Amino acid sequence: MPLSTPANRPCNGKYFDNPFPVPQRSAVPQPPAQRKARRLVPRLLSWYGKHARDLPWRRTRDPYAIWISEIMLQQTQVATVIPYWERWMRALPTVNHLARAKPERVLKLWEGLGYYSRARNLQAAANQILKNHQGQFPNTPEAIRALPGIGRYTAGAISSIAFNLPEPIVDGNVIRILTRLFGRREDPKAKVLQNELWSLAETLVRSTEDCAALNQALMELGATVCHPRSPNCKDCPVKRSCTARKDNATHLIPTAPPRARTEARSIEVYWITRGNRILLQKRPKGFHNAGFWELPNNETGPGIPLPPQSEPLTTVRHTITKYRIQLMAYAVTKPRALKGRWCRRDELESLPITAAHRKLLRQLPAPNEAAQTTA
DNA sequence: AACGCGTGGCG
DNA sequence: TCGCCAAGCGT
């Protein structure tokens with residue numbers, strides 16, 4: 001265990017003093033779906049016991065470490081996250097380290113992961129923990145949920161995984177598993193089904209004392225067996241209870257509403273060199289990805305008149321949700337007065353730069369070749 | 001409630 | 001190449 005965090009701390013008995021599971025012994029009969037959900041729990045737990053991957057953040061119950069992993073894993077695959085998480089935990093092993101770090105260092109550690117507001121929210125939350133919780137990670141679902149960047153899912157995940165609290169989680173994996181198990185073909189984003197999924201997830205997590213394992217079992221099953229496309233049903237511990245499988249409808253469930261079309265969009269960026277240096281600027285506040293370094297461009301600054309029919313040195317395409325963006329890099333020899341920082345090639349490594357701009361920079365000639373290229 | 005946000009992998 | 005997808009959140 002390479003971390004300096006309080007790793008492998010055994011699950012403290014105090015977590016079990018909570019009044020749960022609440023025995024549902026009312027006169028009203030339970031809805032069949034909830035009964036079915038409870039029946040699944042032992043199978044899920046025993047399957048997880050055998051098949052859980054050995055992921056680095058599963059070797060600790062430090063809420064800080066688990067928090068970082070949960071934020072990194074939002075809309076991001078496990079394989080991508082692992083090296084980032086390892087690096088982050090070495091660089092900023094505690095809430096205090098994160099709160100005190102320079103924002104630019106935080107961005108640098110996040111560089112390439114995308115959805116960069118996650119990184120800014122992490123640091124804002126760390127400061128909040130310092131101020132409101134004396135640097136101690138909060139241990140109630142409500143207090144966790146109140147931190148910036150932590151929504152209902154992440155609050156449930158940290159509560160259950162780090163503190164073993166009986167808090168439900170509904171993420172993409174859980175949506176897939178539950179809609180398939182219960183044969184629900186409605187749009188899982190619709191409020192009605194959403195509520196039912198959260199209710200089922202709650203029943204599940206309240207049916208065991210190992211809340212951490214149960215919730216992770218759901219996600220693990222979704223990630224490794226119950227794939228979006230061509231699920232591996234033969235390896236599924238609950239296949240006999242799966243309505244979608246019985247109806248041969250796993251490819252139809254969960255229903256996915258059509259996505260919005262992406263629009264094409266071009267941005268001119270300017271390759272401005274002086275000797276062996278290249279001009280970079282920090283993305284200004286108010287723009288997305290504020291704080292990252294980039295080449296001057298006509299998105300965040302004024303355009304520069306280019307000679308007619310000038311060809312870009314290179315182009316890089318990348319897509320964000322709505323736009324397919326083409327960055328076209330033009331060599332500019334006589335820029336109007338632009339603010340920025342003249343950087344040597346080797347300095348670029350230490351600055352936070354988004355993946356799209358990194359790609360662009362890699363494709364550009366070295367700065368000292370400027371004269372020849374821009375003639 | 002619907003939209004915007006990054007990136008890399010896959011068929 | 002293209003569209004879809006991955007441990008969501010804030011507005």
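Naming: A, B, ... by sequence-line order, numbering from 1 per chain. Fair warning: this is a prediction, and the values are worked out from it, not measured in the lab.
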Need one value for [X]: base, sugar-phosphate or nothing, where a base atom within 4.0 Å counts as base even if backbone is also close, heavy atoms only.
X	value
D171(A)	sugar-phosphate
A157(A)	nothing
R324(A)	sugar-phosphate
T262(A)	nothing
W110(A)	nothing
I158(A)	nothing
A79(A)	nothing

Closer than 4.0 Å, any side-chain N/O of [X] to the OP1 or OP2 of [N]?
X	N	value
T154(A)	dC9(C)	yes
Y323(A)	dG4(B)	no
N121(A)	dG10(C)	no
R176(A)	dA6(C)	yes
Q75(A)	dG8(C)	yes

Starting from [atom2] on [N], measure out to [atom1] on [X] and report it in whole angstrom.
X	N	atom1	atom2	answer
R317(A)	dT7(B)	CZ	C1'	17 Å
I325(A)	dG6(B)	CD1	C1'	10 Å
F287(A)	dG4(B)	CZ	C1'	16 Å
Y153(A)	dG10(C)	OH	C1'	18 Å
W85(A)	dA7(C)	CH2	C1'	15 Å
D187(A)	dA1(B)	CG	C1'	12 Å
H227(A)	dC4(C)	NE2	C1'	15 Å
I71(A)	dT7(B)	CD1	P	18 Å

Nearest nucleotide by nearest heavy atom, which residue falls closer to the 5' end of DNA chain C, R53(A) or T319(A)?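 The residue closer to the strand's 5' end, by nearest nucleotide, is T319(A).
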
Judged by each residue's nearest nucleotide on DNA chain C, which is more toward the 5′ side, E220(A) or R145(A)?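 It is E220(A), whose closest nucleotide lies nearer the 5' terminus.
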
When the [atom1] atoms of [N] and [M] are considered, how many whole Å apart are they?
N	M	atom1	result
dC3(B)	dC4(C)	P	15 Å
dT11(C)	dG6(B)	P	14 Å
dA7(C)	dA2(B)	P	23 Å

Please check this pair: side chain of [X] against backbone of [Y], looking for a donor-acceptor N/O pair closer than 3.5 Å.
X	Y	value
R283(A)	T300(A)	no
R118(A)	M72(A)	yes
R120(A)	A290(A)	yes

Nearest of [options] to any side-chain atom of [X]?
X	options	answer
R118(A)	dC5(C), dC5(B), dG6(B)	dG6(B)
Q77(A)	dA6(C), dT7(B), dA7(C)	dA6(C)
R229(A)	dC9(C), dG3(C), dG6(B)	dG3(C)

With no angle test and no hydrogens, is the base of dG8(B) tied to the side chain of T76(A) by a donor-acceptor pair under 3.5 Å?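 No, the side chain and the base share no sub-3.5 Å donor-acceptor pair.
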
Whichever of L113(A) and K191(A) has its nearest DNA chain B nucleotide further upstream toward 5':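 It is K191(A), whose closest nucleotide lies nearer the 5' terminus.
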
Considering heavy-atom distances to DNA chain B, does K322(A) or G112(A) have its closest nucleotide positioned more toward the 5' end?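 Result: K322(A).
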
Short N-O contact, E142(A) and R145(A), less than 4.0 angstrom: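 Looking at E142(A) and R145(A), the cut-off is not met.
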
Sole residue of Q128(A), Q136(A), Q134(A) in side-chain contact (heavy atoms from CB on, under 4.5 Å) with N132(A):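 Exactly one candidate clears the test, Q128(A).
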
Under a 4.5 Å side-chain heavy-atom rule over Ile, Leu, Val, Met, Phe, Trp and Tyr, are W88(A) and L55(A) clustered together?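 Same cluster: W88(A) reaches L55(A) through Ile, Leu, Val, Met, Phe, Trp or Tyr contacts under 4.5 Å.
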
Please round to the nearest 0.5 Å and tell me the distance separating atom CZ of R345(A) and atom CG of L364(A).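 Interatomic distance, R345(A) CZ to L364(A) CG, rounded to 0.5 Å: 6.5 Å.
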
